[in-house]
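These figures come from a predicted structure and were not determined experimentally. Each chain gets a letter, A, B and so on, in the order its sequence line appears, and its residues count up from 1. Worth knowing before you read on, the calculation uses all heavy atoms, side chains too, and leaves out hydrogens, waters and symmetry mates.
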Protein chains: 2
Amino acid sequence: MDESTKVIMTLAKTAAKLTKSLDRCLSLHGISFSEYLVLDTLSQEPSKTMSRIALAESINLTASGVTRMLNPMEKLHLIEKEKNVRDARISLVKLSETGEEVYRDATTTLSQRANSQTAGLDKGEIKQLVRVLGKIN
Amino acid sequence: MDESTKVIMTLAKTAAKLTKSLDRCLSLHGISFSEYLVLDTLSQEPSKTMSRIALAESINLTASGVTRMLNPMEKLHLIEKEKNVRDARISLVKLSETGEEVYRDATTTLSQRANSQTAGLDKGEIKQLVRVLGKIN
DNA sequence: GATCAATACTTGACTAATCAAGTAAGTATC
DNA sequence: GATACTTACTTGATTAGTCAAGTATTGATC
């Protein structure tokens, strides 16, 4: 097995383990890691608002995956629906006040876990890793 | 967001995209990436044989996940069931001839994809990446 | 050698996501 | 302004996995 294949396999396995661990730790806040990704993505938008398609794109899900995922999140008031005045096809998703709160709390928990997961790495390795991961694909 | 959190998020997102892409390319061989992991894990055993629990451990799945996953793989004759003479609780999984063939062919496809995914990285970065990923968790 | 606990599964009920097909709205063309 | 195409979803059916509970077998203890 060549080095490229090895790195891809290692990456896949490492990430699978890692996200399961994140899932477990985020469950304290009543959300999954995928749901965290939604909150995270929305919170990075200045308007805290996005279309479902844009959201799907950014978290690597299909449009239908997003629809299914947002339904329970809306019931929990983590997000709100808004209409786009210009285009009635678009259903905008907005991060709610509650959603922002949950996001902040969850981020604290997640960061702690992330820090312990990367405890064996020094600062340089972490920076390098972010940089190199960005070059994949 | 600190660097540790950032690297974990980047890792999760990169890997998610990556494995979906691998899934699509492996579908040419009629298997998913998870199924490839089974074949890969078994093929690395000298006896090409493992218990279901050991397999579950190695691919980060639950025992029941393994049971569900192996059923269709057995019907396709990718694997075979064997009994452990010493311990009747254990149901051994063996990589079949067909399974080895599919594994070899799938590996070719997967390696090509892995190479294109890591085309932007030089040899040193790849080695470094494998090394650093091993230190996570 | 009976009993109790642990191990290695399997199964039923459920969740998360996919795909294919459908709907509704917008865009372009004649 | 009708026709055809595209976009932004939503929904039904299916697949992959989880967890909790159940079964069978083994090992340990009295």
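Rounding to whole angstrom units, CZ of residue Arg52(B) and P of dC9(C) are separated by 7 Å. Atom CE in Met73(A) sits about 11 Å away from atom P in dA16(C), given to the nearest Å. Going from atom OH of Tyr36(A) over to atom P of dA16(C) covers 19 Å, rounded to whole Å. Asp23(B) places its CG atom 12 Å from the C1' atom of dA17(C), with the value rounded to the nearest Å. Spacing between atom CZ of Arg24(A) and atom P of dT15(C) amounts to 20 Å, rounded to whole angstrom units. The distance between atom CG of Leu70(A) and atom P of dT10(D), rounded to the nearest whole Å, is 8 Å. Whole-Å rounding puts the Lys81(A) NZ to dC9(D) P distance at 11 Å. As rounded to whole Å, 18 Å separates atom P of dA8(C) from atom CD of Glu82(B).
For the segment residues 40-50 of chain A, no residue has any heavy atom less than 4.0 angstrom from an atom of DNA chain C.
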Exercise. Heavy atoms under 4.0 Å is the rule here; annotate nucleotides 21-29 of chain D 5' to 3' with B where the base is hit, S where only the sugar-phosphate is, and - elsewhere.
Key: ----BS---
Quiz item: Quick one: what's the B/S/- string for nucleotides 11-18 of chain D, heavy-atom cutoff under 4.0 Å, read 5' to 3'?
Solution: BBB---BB
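Looking only at side-chain heavy atoms (C-beta outward), Leu61(B) and Lys20(A) come within less than 4.5 Å of each other. Looking at His29(B) and Leu110(B), their side chains never come closer than 4.5 Å, going by heavy atoms from C-beta outward.
In this structure a side-chain-to-backbone donor-acceptor pair under 3.5 Å is missing from Glu45(A) to Leu42(A). Counting only distance, with no hydrogens or angles, the side chain of Thr107(A) and the backbone of Tyr103(A) share a donor-acceptor pair below 3.5 Å.
Residues forming a salt bridge (Lys or Arg N to Asp or Glu O under 4.0 Å) with Glu125(A) (at least two apart in sequence, or on another chain): Arg131(B), Lys135(B).
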Under 3.5 Å, which donor-acceptor pairs link side chains of residues 1-11 of chain A to any protein atom two or more places apart or in another chain?
residue  : atom : partner   : partner atom : Å
Asp2(A)  : OD1  : Ser4(A)   : N            : 3.2
Asp2(A)  : OD1  : Thr5(A)   : N            : 2.8
Asp2(A)  : OD1  : Thr5(A)   : OG1          : 2.7
Asp2(A)  : OD2  : Asn115(B) : ND2          : 3.2
Ser4(A)  : OG   : Asn115(B) : OD1          : 3.3
Ser4(A)  : OG   : Thr118(B) : OG1          : 3.1
Thr5(A)  : OG1  : Ser111(B) : OG           : 3.0
Thr10(A) : OG1  : Lys6(A)   : O            : 2.7

Which donor-acceptor pairs under 3.5 Å do side chains of residues 85-97 of chain B form with protein atoms, sequence neighbours excluded?
residue  : atom : partner  : partner atom : Å
Asp87(B) : OD1  : Arg89(B) : N            : 3.0
Asp87(B) : OD1  : Arg89(B) : NE           : 3.0
Asp87(B) : OD2  : Arg89(B) : NE           : 3.4
Asp87(B) : OD2  : Arg89(B) : NH2          : 2.7
Ser91(B) : OG   : Arg52(B) : NH1          : 3.1
Ser96(B) : OG   : His77(B) : O            : 2.6
Ser96(B) : OG   : Leu78(B) : O            : 3.0
Ser96(B) : OG   : Thr98(B) : N            : 3.4
Ser96(B) : OG   : Gly99(B) : N            : 2.9

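Between the side chains of Thr49(B) and Glu82(B), no donor-acceptor pair of N or O atoms lies under 3.5 Å.
To the nearest 0.5 Å, atoms CG (Leu55(A)) and CD (Glu57(A)) are separated by 10.5 Å. To the nearest 0.5 Å, atoms OG1 (Thr108(B)) and CZ (Arg113(B)) are separated by 14.5 Å. Atom-to-atom distance recorded for Leu18(B):CG and Phe33(B):CZ is 8.0 Å, nearest 0.5 angstrom.
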